[in-house]
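Encoded as C-alpha cells, the structure appears first; notes follow it.
Because the structure is a prediction, the values reported are computed rather than measured. If you read the sequence from its start, that first residue is 1, and numbering goes on from there.
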Amino acid sequence: VAGASATVPGKNGLLLVSGYLQGGINGSTGHVFTETTAGKSKELLGALDQSYSDPAVSPNGKQIVYSVYPGYQMMLGPFSNPLKAKAITAPEDDVINQEPVFSPDGKSIYFSKKYLLSSGVFWHLKRYSLKTRKTTSFKVDTKMDWGLSDVSPNGRYLAYSRGGDEVPTRIRL
C-alpha cells in the first residue's frame with residue numbers, strides 16, 4: 001500500500017487507499033481503491049498504462065482529486081466517476097504534483113509540487129482555487145520544506161514537514 005486518506009465524508013469507515021500492483025508501466029502501476037472497515041475493497045481507479053496515487057475527497061464527498069502518471073498531473077472530477085476528471089496542473093518533465101488536501105470549506109485544494117532537477121530536489125507548496133481555477137504559491141524553503149500533511153479545521157493553518165539530510169525533521173504550521 002502506498003498510502004491511505006481519511007474516511008470519505010458521509011460514509012463512516014470507507015477509506016481511500018492507493019497501492020501498487022505488478023504489471024504495466026515501469027513494472028507496477030498505482031491503483032486507488034475504496035475500502036470498508038470489514039475489508040471489502042473496490043477499485044476506483046486503475047489501468048496498466050497509467051498510475052494513480054494521492055487521492056483526496058472534497059468535504060461534501062462529491063469531488064475527488066488525485067495524481068496520475070505519466071505526467072504526474074493533478075486531476076479533479078466527480079467522485080461518482082473519477083475517470084471524468086480534468087487536469088488542474090500541466091504535465092511537466094521531472095515534476096511531481098502530489099499530496100492534495102481539500103480545504104475544510106471545499107473551495108481550495110492544497111498540494112505540493114516536487115521538482116526533481118539535476119541541481120537537486122525542490123519542493124513547493126501550492127493552493128488551487130476551484131472558483132478562479134488559478135494556482136498560487138506559498139513562500140517556503142524549497143530545499144528544506146517538504147511533505148504537505150493537512151489543513152486545520154478552520155482553514156487557517158497548513159501542516160507540513162521541514163528538514164533535510166543534516167537537519168532534524170519538524171512539523172511546520
Side-chain angles (χ1 to χ4, degrees), residues 1-6 8 15-35 41-59 61-103 106-151 158-161:
V1 172
S5 75
V8 175
L15 298 173
L16 280 178
V17 179
S18 59
Y20 291 99
L21 301 177
Q22 287 187 322
I25 53 178
N26 300 325
S28 66
T29 56
H31 293 241
V32 174
F33 303 89
T34 58
E35 182 80 30
S41 74
K42 176 183 168 190
E43 186 175 274
L44 198 59
L45 294 162
L48 291 176
D49 61 341
Q50 291 186 311
S51 196
Y52 303 92
S53 61
D54 294 327
V57 177
S58 63
K62 293 183 179 182
Q63 293 183 299
I64 186 170
V65 64
Y66 57 88
S67 182
V68 64
Y69 173 86
Y72 283 114
Q73 287 179 276
M74 199 63 63
M75 307 293 284
L76 174 66
F79 182 74
S80 60
N81 192 350
L83 290 176
K84 287 190 174 184
K86 306 267 189 233
I88 61 173
T89 60
E92 299 176 74
D93 291 335
D94 302 322
V95 175
I96 301 173
N97 292 289
Q98 60 187 9
E99 304 173 321
V101 177
F102 276 92
S103 62
K107 294 179 181 180
S108 300
I109 299 169
Y110 297 89
F111 66 98
S112 67
K113 190 170 198 126
K114 187 189 313 185
Y115 293 84
L116 308 166
L117 307 174
S118 59
S119 56
V121 176
F122 301 92
W123 184 82
H124 296 257
L125 180 59
K126 305 283 185 173
R127 176 185 171 262
Y128 176 81
S129 167
L130 277 75
K131 183 177 181 179
T132 65
R133 297 183 181 174
K134 292 186 179 181
T135 301
T136 54
S137 298
F138 290 88
K139 185 177 180 182
V140 296
D141 182 336
T142 61
K143 290 186 179 183
M144 292 283 289
D145 297 336
W146 56 274
L148 177 62
S149 295
D150 211 344
V151 180
L158 299 176
Y160 62 94
S161 300

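A side-chain contact (heavy atoms from CB on, under 4.5 Å) with Pro82 is found for one member of Leu45, Val65, Val32 and no other, namely Leu45.
Annotation: side chain of Trp123 is in contact with side chain of Val140 (closest heavy-atom distance under 4.5 Å). Counting heavy atoms from C-beta outward, Lys62 and Phe79 have side chains that stay 4.5 Å or more apart. Side-chain contact between Arg133 and Ile88 is absent, with no heavy atoms from C-beta onward closer than 4.5 Å. The closest side-chain heavy-atom distance from Leu15 to Thr34 is not below 4.5 Å. Put simply, the side chain of Phe102 does not reach to within 4.5 Å of the side chain of Ile64, judged on heavy atoms.
Note that CZ of Arg127 is 10.0 Å distant from NZ of Lys107, once rounded to the nearest 0.5 Å. Atom NE2 of residue His31 and atom CD of residue Gln50 lie 10.5 Å apart, to the nearest 0.5 angstrom. In this structure, Leu76 CG and Tyr66 OH are separated by 9.0 Å, a value rounded to the nearest 0.5 Å. To the nearest 0.5 Å, atom NE2 of residue His124 and atom NZ of residue Lys139 are 13.5 Å apart. Atom-to-atom distance recorded for Ile109:CD1 and Thr135:OG1 is 9.0 Å, nearest 0.5 angstrom. If you take CG on Leu117 and CZ on Phe122, they are separated by 6.0 Å, rounding to the nearest 0.5 Å.
The main-chain N or O of Tyr72 is found under 3.5 Å from a side-chain atom of Asn97 such that the two form a donor-acceptor pair. Side-chain atoms of Ser41 never come within 3.5 Å of backbone atoms of Phe33 as a donor-acceptor pair (strictly under, hydrogens ignored). In this structure, Ser103 contributes its side chain and Ser108 its backbone to a donor-acceptor pair below 3.5 Å. Remark: side-chain polar atoms of Ser51 are not paired, donor with acceptor, to backbone N or O of Thr29 under 3.5 angstrom.
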Tyr128 and Lys134: CA distance, side-chain angles, deciding distance, side chain to side chain contact (heavy atoms under 4.5 Å, CB included) verdict: CA-CA 6 Å; Tyr128 176 81; Lys134 292 186 179 181; over 6 Å; no

Could you go through Gln63 and Leu130, starting from their C-alpha distance and side-chain angles, then the distance that decides it, and tell me whether this counts as side chain to side chain contact (heavy atoms under 4.5 Å, CB included)? CA-CA 11 Å; Gln63 293 183 299; Leu130 277 75; 3.3 Å; yes

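Residue Tyr52 comes nearest to Ala47 through the heavy atom pair CE1-N, 3.9 Å, listed as atom of the first residue, atom of the second, then distance. Nearest heavy atoms, Phe111 versus Gln98: CB-O, 3.4 Å. Here the shortest heavy-atom pairing between Gln73 and Ala87 reads NE2-CB, 3.2 Å. When all heavy atoms of Val57 and Gly61 are compared, the closest pair comes out as CG1-CA, 3.6 Å.
Enclosure of atom NZ in Lys114 is not indicated, since only 12 or fewer non-hydrogen atoms of other residues, nucleotides or ligands lie within 6.0 angstrom. When the shell of 6.0 Å around CG of Asn81 is examined, it contains more than 12 heavy atoms from other residues, nucleotides or ligands.
Contact check on Glu35 versus Lys42 returns no salt bridge, with no Lys/Arg side-chain nitrogen under 4.0 Å from an Asp/Glu carboxylate oxygen.
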